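Each remark here refers to the structure printed beneath this line.
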Amino acid sequence: GIIGGKLIDLTEHGSLAGRLAVEILKGKSLSSMPKLIPSPNSFMFDDKELKRFQIKNDLLPPESTIINRPPTFYQKNRAEIFITLSILLAMIVIGFVIALYKSKLRLHQTYLEQLEAEEKIRKSEERFRTVADYAYDWEYWINPEGQIIYMSPSCERITGYTPKDFLEDHNLLISICLPEDQDVVSSHMKNDKDENDPANSIDFRIQTKDGDIRWINHICQPIVRSEGVFLGRRACNRDITEGKILEESLVKTKKLEAT
């Protein structure tokens, strides 16, 4: 075969001939048609011959067409490449869908676990409040920082002050104590932050909202969770006024008898 050169491009010539035929059929004369400049012929070279004679492509005229080149890897394996890429894309999409589905399952499971935990907490709080709110004695809970976080409704029966009053004013308990008992109560309450301080008891007097004087027996103990976390102290105040009056009456009676 030949190496190549400026050869007739049969495809281009056929196309031009077709266009000329259309113009002639429309009634145009050949003399009125423009000359074909530049020539539709083009430089074409045979790749096999170029390699046989070791002619480099950069020595060829610009815009040369090289024919009979061996197919590239892509051209030879285009179908296989397309199928492989399609399978990989499908696997990626399927993997993404599965991951998204698992993620939604985990979120749903977490949501259900959260609902279950909240329901357990709600029931636990309900049981706690059922017991604590209906306790006859004046019960309350002091956190590790020494702040009151729960006050039973019985406080109003004994002191005349509501749970809200005590929760809003953490010094209310000391302020309603009689002046001569305030130091004792204040000293005792300083130990509320000490998780190692055991259960202990004191008696003191308070003045109710109505001005009455009442004796209170106070006992408190630390609250420690099963894993050893200190949660504060639980306190119980009991009205022992009648017992104190009876005790004082017996003392007076014994004194009278002694005289």
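These figures come from a predicted structure and were not determined experimentally.
Side-chain contact between I81 and F73: present, with at least one pair of heavy atoms (C-beta onward) separated by less than 4.5 Å. In this structure, Q109 and L105 have side chains that are not in contact, with every pair of non-hydrogen atoms separated by 4.5 Å or more. You'll find the side chain of V184 stays beyond 4.5 Å of the side chain of F204, heavy atoms only. Contact check for C155 versus Y140: no side-chain heavy atoms found under the 4.5 Å cut-off.
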Does the side chain to side chain contact (heavy atoms under 4.5 Å, CB included) test come out yes or no for L250 and E247, once each step is laid out? CA-CA 5 Å; L250 290 173; E247 182 181 330; 5.7 Å; no
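For the pair R157 and Y136, the distance from NZ or CZ to the six-membered ring centre is under 6.0 Å and the angle to the ring normal is within 45 degrees.
Note: W138 and Y161 fail the aromatic proximity criterion, with ring centroids not under 6.0 Å apart.
A salt bridge links K244 with D203: at least one charged nitrogen is closer than 4.0 Å to a carboxylate oxygen.
Taking CE from M189 and CG from N171, the interatomic distance works out to 7.5 Å, rounded to the nearest 0.5 Å. Taken to the nearest 0.5 Å, the CG atom of N57 stands 6.5 Å off from the CG atom of L50.
Taking the six-membered ring for Trp and thresholds of 30 and 60 degrees, H188 and H218 have ring planes more than 60 degrees apart, a perpendicular arrangement.
Here the options are L89, V93, I87, the test is side chain to side chain contact (heavy atoms under 4.5 Å, CB included), and the partner is M91; only I87 passes.
Checking side-chain atoms of Q182 against main-chain N and O of I174 turns up a donor-acceptor pair under 3.5 Å.
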